[in-house]
Number of protein chains: 2
Amino acid sequence: MDVARSKVSDTGTPVACASCQARHGVVCGALWSGQLRELGRQSLRRTVDAGSEIIAQGSESSFYSNIMRGVVKLCKVMPDGRQQIVGLQFAPDFVGRPFVPESMLSAQAATDAEICVFPRDLLDRMISETPKLQRSLYDQALKELDAAREWMLTLGRRTAEEKVASLLHLIATHAEPQTATTTSFDLPLSRAEIADFLGLTIETVSRKLTKLRKSDVIRIENFRHIIVPDMDELERMISA
Amino acid sequence: MDVARSKVSDTGTPVACASCQARHGVVCGALWSGQLRELGRQSLRRTVDAGSEIIAQGSESSFYSNIMRGVVKLCKVMPDGRQQIVGLQFAPDFVGRPFVPESMLSAQAATDAEICVFPRDLLDRMISETPKLQRSLYDQALKELDAAREWMLTLGRRTAEEKVASLLHLIATHAEPQTATTTSFDLPLSRAEIADFLGLTIETVSRKLTKLRKSDVIRIENFRHIIVPDMDELERMISA
DNA sequence: CCGAAACTTTGATCTGGATCAACTCGCGGT
DNA sequence: ACCGCGAGTTGATCCAGATCAAAGTTTCGG
């Protein structure tokens, strides 16, 4: 599904992005009401199914978005088909690469998601005119950079088992803890996607997940649901 | 060598950072003259030897810098000693993590370098007050993020040979081409550092470099100097 | 100029994770 | 209820890159 095209093909009135501010979306939260009204007029709330593409790698996208609900994966694909997920984004993150028209990576919904879509030229202009917005996006970029570098350590120097534990830790971090130590969550990624995030194969991911289950670090229900009885235990697996 | 301490121990007058602007340093290039004079008063030009640490991982650094000459490596170390270089920075890049006092990575001079050092509190204030400066740093952060994600693909999905070719390509990109296709440069990294950048061992780096030499993709003089007769050839090794 | 330490290369062997190959499970459609 | 299919697991084998070991090469202090 091409979100950019969908705006054109939609015949109804564009839906104002009124709830962005309430949800503290990275973009809307930084705007004053006049700008917000203008952005609302130009923007469109969309529900995207898991697996559908929001931005295609190598394409010129004229839209940015805010994630309102769900998980978006950022992915790079090589000509021969090898691929690497280079980031996961959660609500209320901003999705897009300001100031560069052609996207060097694809953004796809990992789960069903709701996003707020708006024109890139409008936002690029707003960034330059609104230091508060620029700061908000700068802050997100710095956080993404921290995360990317942490993940480079994982990709380059951790073992397969540590990689899988790192992924579980990353996702657990974005789910609220049930108790002080216990956390449970649904994996937003399939085994194949986990493999592409960790630089492993499906089989290795499956084996290491089984190993973590058998050593009681996690419980797995229905493939997708993970229960971590003791987050400290999981964290111990990651470093030394 | 601790740059932060060096300012305190220096007894002479701080050297104004007048040449930053001329060199289009990321920070100084975005300031108006009054701010530049203030920054010059508070800043210090320093020569750092290859291998010396500019910022230590886990420490609270009260300084940022601009690279004026040389190469700086950003490195993450695990408690058990495994380490990963997560970025290389060249003049006139800015070095530091705005808005977070404790550094989650170390910055070390990879080659002898000249840097312009200035207090973090002053610069954090200037960023908030100067949209042009914020924009300049935001642009650099976005570029670093692009580079980090490209490198994640390299770490996760490329073979050892492709990794070594990717490194040569990255460094060649920062040296001016001698002719349309030929490029030559000095490696700013030892074999051990290359290994830590690529998530490999020293031995594998050495073997793959030898292989590239024997297949005439590169020539190597004195371990450190690389000649790439045909950059297109090198690029072909990276993708498919 | 000499010698030691650090860095690099090369060779032999080992192993973690990839690859190839069944098999199982759960789910949606008829 | 049955079938068919995609997703996940498990087992057997293979291999790219790690590890262990031993030479070169370069640099630099004395």
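Every chain is numbered from 1 and lettered A, B, ... according to where its sequence line falls, protein lines coming before strand lines. Computed from heavy atoms alone, side chains included, the values below leave out hydrogens, waters and symmetry copies.
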Note to self: So, under a plain 3.5 Å distance rule, would you say the side chain of Arg207(B) forms a donor-acceptor pair with the base of dG11(C)?
What the structure shows: yes
N/O-N/O pairs, protein side and nucleotides 22-28 of chain C side, under 3.5 Å:
none

Check: If you take all heavy atoms of Ala107(B) and Val95(B), which pair is closest and at what distance?
Finding: CB-CG1, 4.0 Å
Note to self: Heavy atoms from C-beta onward define the side chain here; which of dT9(C), dT10(C), dA18(D) lies closest to that of Glu203(B)?
What the structure shows: dT10(C)
Next item on the list: Could you work out which one of dT10(C), dG17(C), dG17(D) sits closest to the side chain of Ala160(A)?
Entry: dG17(C)
Next item on the list: Kindly say if Thr210(A) contacts the phosphate of dT9(D), meaning a side-chain N or O under 4.0 Å from OP1 or OP2.
Entry: no
Distances for protein N or O near nucleotides 13-15 of chain C N or O, under 3.5 Å:
none

In whole Å, what is the span from the [atom1] atom of [X] to the [atom2] atom of [N]?
X	N	atom1	atom2	result
Arg224(B)	dT25(D)	CZ	P	19 Å
Ile202(B)	dT19(D)	CD1	P	11 Å
Ile220(B)	dC7(C)	CD1	C1'	14 Å
Glu162(A)	dG16(C)	CD	C1'	13 Å

Margin query: Nearest heavy atom decides the nucleotide; on that basis, is Ser206(A) or Val205(B) closer to the 5' end of DNA chain D?
Written below: Ser206(A)
Notebook entry, point to check: How about Phe94(B) and Tyr64(B): are their ring centroids closer than 6.0 Å?
Noted result: yes
Note to self: Give the residues of residues 191-201 of chain A touching DNA chain C, defined as any heavy atom closer than 4.0 Å, sorted by residue number.
What the structure shows: Gly199(A), Leu200(A), Thr201(A)
